[in-house]
2 protein chains.
Amino acid sequence: MNLDSETKAVELPDDHGTELRLWLRLLTCTTLIEGEVRSRLREKFDVTLPRFDLMAQLDKVSDGMTLSDLSKRMMVSNGNVTGLVERLVESGHLDRRTSETDRRVQFIRLTKLGRAEFRKMATEHEKWIADVFGDLSPKDIRELMRLLAKAKGSAQRSAKARSA
Amino acid sequence: MNLDSETKAVELPDDHGTELRLWLRLLTCTTLIEGEVRSRLREKFDVTLPRFDLMAQLDKVSDGMTLSDLSKRMMVSNGNVTGLVERLVESGHLDRRTSETDRRVQFIRLTKLGRAEFRKMATEHEKWIADVFGDLSPKDIRELMRLLAKAKGSAQRSAKARSA
DNA sequence: GCCAATTGCTTGAAGTTTAAAGAAATTGCA
DNA sequence: TGCAATTTCTTTAAACTTCAAGCAATTGGC
């Protein structure tokens, strides 16, 4: 009887505990910060996080974006974006225009109102985030950025391998 | 005229850009992994992520947990947990029992079926996560753990300061 | 013991989210 | 050209989520 291999098999049926703990910690951090941002957005601006996120994507460009672009960037489903855009057009923050060369395509832009309101929120938002990470040194931040970039690459590789 | 202070004021109206980029990267990582886990859970086990998360909390304990405990640990609202538990009791995965000493309190446990199914899923889940972080060295993982712990502490401090 | 405050949970409304199916338009290829 | 794939977007159903209001039970002064 091979005691070594027996013991190993029982105690280390592949030790993936550290990765799991890492994932849970990552998730906890994100959930915590997301909840905080959500609360503050509601409290100070009476706006939901998804709407803020959508406007943030649109604020980056001047000439509009299609629904598909939005759903890819926000990493949510197409149908989801349809509904969000609908409500934001309704409230006067967004402007939708059908493409002249491809009638399936809708270009979405921030209205003047939408951009003005977003800019106000974004300024505050940036301060909140700075405060949230206030205990981290510049070096900590650089290191986190680097490691998260590596993690992102790894996760993309893993996701791609599955769907292939 | 003081050129220095002028320039500074224009170019650095508080530079919080790095923190914001860090937050977006953190969020992207989490969203990416979460989406991957969600897909695989649905695909292989036909279960939703929230249900898996809830069962994961209950699997840690043998003698059950109250709804409040669950909502605190999962960092979601009370009403949310009520609905989730309801559906999982319905499907035979959970068991609810009213406390004898405090009739407001409900103790929730995994049924035999629930625990068996969860264990199967958890084994697979752990492998997925190990693969997701597969490109990271043990040292990378240790560093990420450390920095995320620091970030979590910082975020908690920030959240607490606001609500105070 | 009384009763205001607190705690545990549920409910209802509004919104977000996904997955899946489908409609409309365009593209590419034989 | 013809028409099968593809792309873009919408729709639908079910589930998830939050917030706020509310109910019932318990607790902590007094």
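Here is the naming used below: chain letters follow the sequence lines, and residue numbers restart at 1 for every chain. Since this is a predicted model, take the numbers as computed values, not measurements.
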**Study point:** Most 5' of A:Glu100 and A:Arg51 on DNA chain C, judged by nearest nucleotide
**Key:** A:Arg51

Whole-Å distance between [N] [atom2] and [X] [atom1]?
X: B:Leu84; N: D:dA14; atom1: CG; atom2: P; result: 17 Å
X: B:Leu67; N: D:dC23; atom1: CG; atom2: P; result: 20 Å
X: A:Asp102; N: C:dG28; atom1: CG; atom2: P; result: 12 Å
X: A:Ile108; N: D:dT10; atom1: CD1; atom2: C1'; result: 13 Å
X: A:Asp46; N: C:dA14; atom1: CG; atom2: P; result: 14 Å
X: B:Leu54; N: D:dA15; atom1: CG; atom2: P; result: 15 Å
X: B:Gln106; N: D:dA24; atom1: CD; atom2: P; result: 15 Å
X: A:Asn80; N: C:dA20; atom1: CG; atom2: P; result: 16 Å

Within less than 4.0 Å of OP1 or OP2 of [N], is there a side-chain N or O belonging to [X]?
X: B:Arg103; N: C:dG8; result: no
X: A:Arg87; N: C:dA14; result: no
X: B:Arg96; N: C:dT10; result: yes
X: B:Thr48; N: D:dC16; result: yes

Counting any heavy atom closer than 4.0 Å, what does [X] reach on the DNA or RNA strands: base, sugar-phosphate only, or nothing?
X: B:Ser68; answer: sugar-phosphate
X: A:Leu49; answer: nothing
X: A:Thr101; answer: sugar-phosphate
X: A:Thr98; answer: nothing
X: A:Asn78; answer: base

**Study point:** Nearest listed nucleotide, side chain of A:Val76, among C:dA19, D:dA25, C:dT18
**Key:**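 That would be C:dT18.
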
Point to revise | Which nucleotide in C:dG8, D:dT8, C:dT26 has an atom nearest any side-chain atom of B:Val105 | key: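 Ranking C:dG8, D:dT8, C:dT26 by closest atom to the B:Val105 side chain puts C:dG8 first.
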
Distance alone, cut at 3.5 Å: any donor-acceptor contact between the side chains of [X] and [Y]?
X: A:Arg25; Y: A:Thr28; value: no
X: A:Asp95; Y: A:Thr111; value: no
X: B:Thr66; Y: B:Asp69; value: yes

Exercise for review: Check the pair A:Ser158 / B:Asp131 against side-chain hydrogen bond (donor to acceptor under 3.5 Å, both in side chains), numbers first and verdict last.
Suggested key: CA-CA 6 Å; A:Ser158 175; B:Asp131 186 60; 2.7 Å; yes

Exercise for review: Let me know, please, whether A:Arg38 or A:Thr82 comes out on the 5' side of the other along DNA chain D by nearest nucleotide.
Suggested key: A:Thr82

Check your understanding: Any ion pair linking A:Glu143 and A:Lys139 (charged N to carboxylate O, less than 4.0 Å)?
Key -> no

Check your understanding: So, do B:Phe52 and B:Phe45 have ring centers that fall under 6.0 Å from each other?
Key ->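 No, the ring centres sit 6.0 Å or more apart.
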
Practice item. Mark yes or no for a side-chain to base donor-acceptor pair under 3.5 Å between A:Arg104 and D:dT7, with no hydrogen or angle criteria applied. Key: yes

